[in-house]
Amino acid sequence: MTSSSRLSTFSTCLISLSLLLACSPQVEEEVWFVDEAAERGISFEHVSGFKDRPYLPEIMGGGVALIDVEGDGDLDIYFVQSGWHLGSEPDSANIPPNELYLNDGTGQFTRVPTEELPTQVAYGMGVTTGDYDNDGDTDLYITNLGENALLQNDGRGGFEDITIAAGVSDPAWSTAATFSDFDVDGDLDLFVVNNLKWSAETEIDCYSRGIPTYCLPTNYQAPARDSIFRNNGDGTFTNVSKEVGIELAYGNGLGTVPADFDGNGFLDLFVANDTMVNQLWLNQGDWRFVNRAVQWACAVDNHGFAKAGMGVDAIDLDDDLDQDVLVVNLEGQSDSVYVNQGTYFRDQTSHVGLGAGSRRFTRFGIALADFDNDSVVDLLEANGKVDGDPKNETDEFAEPNILFKGKYVDGLVRFEEMERIDGTEAPQSHTSRALAVGDLDLDGDLDAVIVNRDWSPYVLINTVGQDRNWIRFRVLNHHDSDAIGATVTLTMGEKRQVRSVKVAGSYLSAHDPHVHFGLGKAELVSDVQVHWPTGETREFGDFDANQLIVLTPTDP
């Protein structure tokens, strides 16, 4: 994230728009999504709270989670509201609330009345999901500017704020978070990414073209330390950040994704930092983490630059059964694609087609997923500037979101930009932030929800995935909850693929935990294997295409 003064330093590196388009060939025009937010019953509108003077958090929110609240098998939507003018005192009577929409099973949504949800008086940022208390239903952890909130699901679609009792009220400016079982004891621990030490009272003034605008994070010189909480198994957590080594590093953190990057059986953490080096926390077991971003060549890009890391995702891009990483960055900076070599990452950004084509916009939310079900991962990016005049009636921060179709080239996915994402006459353009992916209408393909600053969200319904085969798995643990961090490996024809139960990633978002494989024309998958974070592994054999299958560690 930055202002135009920083962009000017990159001017000699930028090439003309025409050449950018030539370097990023576009696929034939085809509509992949249709925005049906209003038609589906979504009336949420994000509120940044901007009035007269820019306050940095106003340009950052808001978040979204796709979560099965009532355990009825479909995805509901929870929106995190930012909410009030940061130059004034919060007033719970006037702050627009977070909103929950329940799915009727067909992709139509009904808003839950505000009075039925816990009141949130903090300035909201993001959200993650997971069954932290092992009671079989999914809970919510909301990150805020100020005290975060843990909302316990009562199993009937209601929530109770138990933040203080659970011991997870991180007071910092938090952005990303993830529930993961870091100590393989069968319950979910919690990692929280913090951005910087900021307050309205100490806000500074920055300008672009002589106009007040939002500042670079480096102007504050106040990076924050992240937090990690150990689940005690009794509904409470202990902050172990200092003991495990997480407090040794600072950063302007915005995104995180967990995965076992080094294959030692423990879930690690990748953290994308804004204008600072990234962090790669390798889990050594017994609650010891070491930051190996420099040694693994993912702290900076292959030119040695620390970029404006925002959204992040992890998936296997070269079908070698380990997890690769993609980080999105600022306008003028390419994405960063780190391909896992087993003991280090190789920057393959240009090789996957994102060296030039990704530079045109400022990217926040991202998703690596097989949207067209052809068995190759695609890429969706939610874009919006951070540098402009917030007083302008025309949204100067608005940018079109971008879809890249994935194709295999010499054993590695290569991305080609699509001409259009949705069915509108012109590309929709607002200031997009959070992006979450899941099958909202249960038709076997992946839809997406994108939150727009000071606007209504997009609910992008997939229109192309039905043309090909697919298979989805719900991987459960011994408590009948989603086994976050578990991996599913299968064979499709001559190709072996792995995908994980992944909720965190993107930006301020929580995805559908189901594991989705597009199959193209394949009608069968074979040798399905699941590896749980607890170390358990089970073989499941073969399955026919076009069905949802529940996989458990033991027979029901």
For [Y], does its backbone N or O pair with a side-chain atom of [X] as donor and acceptor, under 3.5 Å?
X    : Y    : value
N103 : F109 : no
Y507 : M60  : yes
T552 : T554 : yes

- Which salt bridge (Lys or Arg N to Asp or Glu O under 4.0 Å) pairs, counting each pair once, include a residue from residues 498-519, with sequence neighbours left out? D313-K502, R472-D512
- Message: Listing request: all salt bridge (Lys or Arg N to Asp or Glu O under 4.0 Å) pairs with a residue in residues 288-301, at least two apart in sequence or in separate chains.
- Response: D301-K307
- Report yes or no: do N194 and S174 form a side-chain donor-acceptor pair below 3.5 Å? yes
- Query: Quick one: OH on Y458 to CD1 on I461, what's the gap to the nearest 0.5 Å?
  - Reply: 15.0 Å
- Task: Give the ring-plane orientation class for Y132 versus F179, where under 30° counts as parallel, over 60° as perpendicular and anything between as tilted.
- Result: parallel
Taking side chain to side chain donor-acceptor pair (under 3.5 Å) as the test, write out the residues that go with [X], two or more places apart.
X    : value
Q284 : none
T489 : none
R474 : D482
W281 : Q279

- So do F364 and N383 actually touch side chain to side chain, heavy atoms under 4.5 Å? no
